[in-house]
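Reviewing the structure listed below.
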2 protein chains.
Amino acid sequence: MSKPSNTVVTIAENESVEEEKNLKLILDRAKDQSKLCPVRDVIHRISDKWSLLSILALGTHGTLRFNALKKEIGDVSQRMLTVTLRNLEEDGFVSRKIYAEVPPRVEYQLTDMGQGLMQQALQLADWANTQLPAIISSRKKFKKG
Amino acid sequence: MSKPSNTVVTIAENESVEEEKNLKLILDRAKDQSKLCPVRDVIHRISDKWSLLSILALGTHGTLRFNALKKEIGDVSQRMLTVTLRNLEEDGFVSRKIYAEVPPRVEYQLTDMGQGLMQQALQLADWANTQLPAIISSRKKFKKG
DNA sequence: CAGTATCCCTACCGATACTG
DNA sequence: CAGTATCGGTAGGGATACTG
């Protein structure tokens, strides 16, 4: 398990100055909750119960119709899948194509930006996987103490 | 604006097979909502209203006492800051040191894992910043259409 | 098939008051 | 100073019924 050094901001020495400036910018932006903040926005979008799952499902299958996606995810309700997909579509992460047929056919797939989002999520997932044992042990310790 | 290619999973050609395997593992893990899933867990932790802000504040200042952190964040209530910090402490992202003094002094700082989490958040923030214009324009289009 | 509409319930969050 | 305790509001989410 690679351990970051114990300086406050820990990156390669020569990048730390710029990174620290960047950090303050992001912090300031996040602090003003009246203005819109990209990080909070993106996190908020993927943090609801079904968005991440929808993105991963579309990422693995490429294109899915509404009911196929619903079946793939499992226990999502019709209502919540609709809401989730509309939100993802609104922000440009998912595209929705309607075919004028009877019965209707609607196909969903990730946009390029949606695939980028999925990559970000997968990076986070990799990190989270490596940290999992530490998190679990920390929780146990917390309960006892 | 760098555009990912239009294959389903887009990374360097030679990494794509392993990455795709990885993706399915993560998807399967995320689908079973009864078991604990590292990604969902971590996202859930940073997606509440004050966690990310607390992490960034501690990241820029190193160590902060309760009221200093409260002042730094701005409009967080005492209750919510306490709840937030306890959650972060429970998962091992923040350490809490109590000094047996009168009046009491309590110091918070990021653990190594907490700094790692901040780095992950900053990466996501960088990406989110570059995507912001596209997201905004997508929202506008959505409203009109 | 792919959605709306409605109702209800729970989790998160804020304000206020109190305390070791 | 650094917290708890209590209450009440709001947004997310589920079940069910209905529809172009």
Side-chain angles (χ1 to χ4, degrees), chain A residues 30-31 33-34 36 40-54 57-58 61 63-91 94-109 142 145, chain B residues 30-31 33-34 36-37 40-41 43-54 57-58 61 63-91 94-109 142 145:
Chain A
K31 272 163 69 179
Q33 313 229 359
S34 62
L36 105 179
R40 297 182 68 88
D41 253 42
V42 169
I43 291 179
H44 185 253
R45 177 82 2 272
I46 63 174
S47 71
D48 61 37
K49 200 168 178 184
W50 304 110
S51 288
L52 191 59
L53 235 32
S54 302
L58 289 172
H61 291 88
T63 299
L64 286 173
R65 298 178 62 170
F66 185 87
N67 276 335
L69 182 52
K70 185 173 186 307
K71 193 179 168 191
E72 171 65 29
I73 292 179
D75 54 352
V76 63
S77 71
Q78 204 166 22
R79 178 184 120 84
M80 286 318 297
L81 185 55
T82 302
V83 170
T84 301
L85 289 170
R86 285 301 177 289
N87 287 336
L88 290 172
E89 189 196 356
E90 177 169 8
D91 282 4
V94 159
S95 72
R96 177 168 172 260
K97 278 184 195 141
I98 308 165
Y99 296 85
E101 303 172 3
V102 180
R105 179 160 59 105
V106 179
E107 287 183 350
Y108 291 92
Q109 62 176 18
F142 186 83
Chain B
K31 272 161 71 178
Q33 313 228 359
S34 63
L36 104 180
C37 165
R40 298 182 68 87
D41 253 42
I43 291 179
H44 185 253
R45 175 86 0 271
I46 63 173
S47 71
D48 61 35
K49 200 169 177 184
W50 305 109
S51 288
L52 190 60
L53 235 32
S54 302
L58 289 172
H61 291 88
T63 300
L64 285 173
R65 298 178 62 170
F66 185 86
N67 276 333
L69 182 52
K70 186 172 184 306
K71 193 180 169 191
E72 172 64 29
I73 292 178
D75 54 353
V76 63
S77 71
Q78 204 167 21
R79 180 184 119 84
M80 287 318 298
L81 185 56
T82 301
V83 171
T84 301
L85 289 171
R86 285 302 177 288
N87 288 335
L88 290 171
E89 189 196 355
E90 177 169 9
D91 282 5
V94 159
S95 72
R96 176 168 172 260
K97 279 185 195 140
I98 309 165
Y99 295 85
E101 301 173 4
V102 180
R105 179 161 58 107
V106 179
E107 287 183 349
Y108 292 91
Q109 62 176 21
F142 187 84

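Each chain gets a letter, A, B and so on, in the order its sequence line appears, and its residues count up from 1. For clarity, every value in this text was computed on a predicted model and none was experimentally measured.
The shortest side-chain heavy-atom distance between Leu85(B) and Leu69(B) falls under the 4.5 Å cut-off. With a 4.5 Å cut-off on side-chain heavy atoms, Ser54(A) and Leu88(A) count as touching. Side-chain contact between His61(A) and Glu72(A): present, with at least one pair of heavy atoms (C-beta onward) separated by less than 4.5 Å. Annotation: side chain of Phe66(B) is in contact with side chain of Thr82(B) (closest heavy-atom distance under 4.5 Å).
When every heavy atom of Tyr108(B) is checked against every heavy atom of Val94(B), the shortest pair comes out as CD2-CG1, 3.8 Å.
Applying the 4.0 Å criterion to OP1 and OP2 of dG14(C), one finds that Trp50(B) has a side-chain N or O inside that range. Within the structure, a side-chain polar atom (N or O) of His44(B) is placed less than 4.0 Å from OP1 or OP2 of dC12(C). Put simply, Tyr108(B) has no side-chain N or O that comes within less than 4.0 Å of OP1 or OP2 on dC1(D). A sub-4.0 Å separation between OP1 or OP2 of dG14(D) and a side-chain N or O of Lys49(A) is present. Side-chain nitrogen and oxygen atoms of Arg65(A) include none within less than 4.0 Å of the OP1 or OP2 phosphate oxygen of dG3(C).
No donor-acceptor pair closer than 3.5 Å links the side chain of Arg40(A) to the backbone N or O of Lys31(A).
Nearest to the side-chain atoms of Val106(A) among the listed nucleotides dG3(D), dA2(C), dC1(D) stands dA2(C).
Counting to the nearest Å, the C1' atom of dA11(D) and the CG atom of Asn87(A) are 12 Å from each other. Nucleotide dT4(D) holds its P atom 11 Å from the CG atom of Leu85(B), rounded to whole Å. Rounded to whole Å, atom C1' of dT4(D) lies 10 Å from atom CZ of Arg86(B). Taking atom CD of Gln78(A) as the reference point, atom C1' of dC1(C) lies 9 Å away to the nearest angstrom. One atom, CG of Leu81(B), and another, P of dA2(D), lie 10 Å apart when rounded to the nearest Å. Atom C1' of nucleotide dG12(D) and atom CE of Met80(A) are separated by 6 Å, given to the nearest angstrom. Taking atom CG on Asp48(A) and atom P on dG12(D), their separation rounds to 8 Å, with Å as the unit. Following rounding to the nearest Å, Gln33(B) (CD) and dG12(D) (P) show an atom-to-atom distance of 17 Å.
For a distance-only test at 3.5 Å, the side chain of Arg79(A) qualifies as a donor-acceptor partner of the base of dG13(D).
Within residues 94-105 of chain B, the residues that place at least one heavy atom under 4.0 Å from DNA chain C are, in residue-number order, Pro104(B).
In this entry dG20(D) has dC1(C) as its Watson-Crick or G-U wobble partner, both defining distances falling under 3.5 Å.
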Give the intermediate values and the outcome of side-chain contact (heavy atoms from CB on, under 4.5 Å) for residues Leu53(B) and Gln33(A).
CA-CA 11 Å; Leu53(B) 235 32; Gln33(A) 313 229 359; 3.4 Å; yes
